[in-house]
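Since the structure is predicted, the reported quantities are computational estimates derived from the model, not experimental observations. To find a chain, count down the sequence lines: A is the first, B the second, and so on, and within it residues start at 1.
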2 protein chains.
Amino acid sequence: MARTGHPAPKRRRMTRQRRIILEELRAAGGHPTADELHQRVRQRLPRISLATVYRNLDVLAEAGEIVTVRLAGGQRRFDAVLDRHYHVRCVECGKVRDVPAEPFGDIGEAARRVCDFEVLGYELQIDGLCPSCAAARRGEQKQG
Amino acid sequence: MARTGHPAPKRRRMTRQRRIILEELRAAGGHPTADELHQRVRQRLPRISLATVYRNLDVLAEAGEIVTVRLAGGQRRFDAVLDRHYHVRCVECGKVRDVPAEPFGDIGEAARRVCDFEVLGYELQIDGLCPSCAAARRGEQKQG
DNA sequence: ATGAGTGCAAACCATTTGCACACGT
DNA sequence: ACGTGTGCAAATGGTTTGCACTCAT
């Protein structure tokens, strides 16, 4: 008997739902939440359920086709861009934007150096105010 | 009339609950969840509710007395250590450990350089396997 | 044909909130 | 006294799951 630590990966089927979820995530471009993506996909598959969207996002992430981004502020977000990059999130409006990874140096390297964990990955989240919310806040202060 | 953008901060009272929550977080040392802390505090205040723990942790964080750590893997965690440092989390058992910040360079600096957001803060989370889970996994593979 | 995938509704679980009362200032 | 803080229970909201059915392979 084959007693492997990791059970054999299931053979995945490319259902219409799965394909369209992936297409729409790529088309959406940003970092939609499952719910936002659900709205979008519904325009093409009106009967698709939110649960199916979640299930497929998990499968796609496991397959390495997409990346799930767990930022503060509640919901998970999903990203079809696979290149290493980080995220800034506006604490006011929740807007998320990519930032390039290079200026931060080799974080994985540094991580491996400072701890005895077997480093598998890492996530850098930057919190701040987007230009428009920053401007709005300054306006408020002036008139206050 | 005083029309400030930010309403006057409330005068906070140092209730027994608030003081003991802070004491227990400091005594606990690690990165307990609200629930774990609730268990601890209950030994001294048997009737305290989880809601009160949450409320006070929010207040204490806002006052800068503690830091809330939002890592992947469900619950928020809380930290009484205020010095800048990052966190490694074992993806297997959920254990969280501190890592020093120096080897990573000035992430805030880099963040400000690469985006037009007004950077307020950032959080680096490293995912990996703690030594014992890594060992366990290797053992499994060998015998599998 | 067969088991992965689906829609639906209900379950889950961390966190939050409404309310009437209690207590720190 | 005043209004912040508390306990309790119920609500919330993102995510997951059980089930019977459907469909890709």
*Asks:* Could you go through nucleotides 17-22 of chain D and list every protein N or O atom that sits under 3.5 Å from one of its N or O atoms, giving the distance for each pair?
*Replies:*
residue: dG18(D); atom: O6; partner: Arg55(A); partner atom: NH1; Å: 3.4

*Asks:* With sequence neighbours left out, write down each residue that passes side chain to side chain donor-acceptor pair (under 3.5 Å) with Arg112(A), or none if nothing qualifies.
*Replies:* none
*Asks:* Distance check needed: dG5(C) P versus Leu57(A) CG, whole Å only.
*Replies:* 14 Å
*Asks:* Whole-Å distance between dG5(C) P and Leu50(A) CG?
*Replies:* 18 Å
*Asks:* Report yes if a side-chain nitrogen or oxygen of Gln17(A) is closer than 4.0 Å to either non-bridging phosphate oxygen (OP1 or OP2) of dA24(D); otherwise report no.
*Replies:* no
*Asks:* Who pairs with Arg113(B) by salt bridge (charged side-chain N to carboxylate O under 4.0 Å, His left out), at least two apart in sequence or on another chain?
*Replies:* Glu109(B)
*Asks:* Compare side-chain N and O positions of Arg77(A) against OP1 and OP2 of dG14(D) and report whether any pair is under 4.0 Å apart.
*Replies:* no
*Asks:* At under 4.0 Å between heavy atoms, what does Thr15(A) touch on the DNA or RNA strands: base, sugar-phosphate, or nothing?
*Replies:* sugar-phosphate
*Asks:* Can you tell me if the side-chain N/O atoms of Arg12(B) get under 4.0 Å from OP1 or OP2 in dG5(D)?
*Replies:* yes
*Asks:* Whole-Å distance between dC13(C) C1' and Gln75(A) CD?
*Replies:* 16 Å
*Asks:* With a cut-off of 3.5 Å and sequence neighbours excluded, list every side-chain donor-acceptor pair involving residues 115-122 of chain B.
*Replies:*
residue: Asp116(B); atom: OD1; partner: Arg97(A); partner atom: NH2; Å: 3.1
residue: Asp116(B); atom: OD2; partner: Arg97(A); partner atom: NH2; Å: 3.3
residue: Glu118(B); atom: OE1; partner: Arg138(A); partner atom: NH1; Å: 3.4

*Asks:* Taking only N and O in the side chain of Arg18(B), is any of them less than 4.0 Å away from OP1 or OP2 of dG5(D)?
*Replies:* yes
*Asks:* Among all residues two or more places apart in sequence or in another chain, which pass the side chain to side chain donor-acceptor pair (under 3.5 Å) test with Thr52(A)?
*Replies:* Ser49(A)
*Asks:* Can you check the Ile48(A) CD1 to dC23(D) C1' distance for me, whole Å?
*Replies:* 14 Å
*Asks:* Nearest whole Å is fine: how far is dC23(C) C1' from Arg47(B) CZ?
*Replies:* 16 Å
*Asks:* Could you state the atom-to-atom distance from CD1 of Ile21(A) to C1' of dG7(C) in whole Å?
*Replies:* 13 Å
*Asks:* Rest of the hydrophobic cluster containing Met14(A) (Ile/Leu/Val/Met/Phe/Trp/Tyr, side-chain heavy atoms under 4.5 Å)?
*Replies:* none
*Asks:* Which residue pairs pass the side-chain hydrogen bond (donor to acceptor under 3.5 Å, both in side chains) test with at least one member in residues 25-41 of chain A, sequence neighbours excluded?
*Replies:* Glu24(A)-Arg40(A), His31(A)-Asp79(A), His31(A)-His87(A), His31(A)-Asp98(A)
*Asks:* Rounding to a whole Å, what distance do you find between Asn56(A):CG and dT16(D):P?
*Replies:* 13 Å
*Asks:* Kindly state which residues belonging to residues 27-44 of chain B come within less than 4.0 angstrom of DNA chain D, counting heavy atoms of the residue only, listed by number.
*Replies:* none
*Asks:* Output all residues satisfying side chain to side chain donor-acceptor pair (under 3.5 Å) with Arg18(B), sequence neighbours left out; order by chain, then residue number.
*Replies:* Asn56(B)
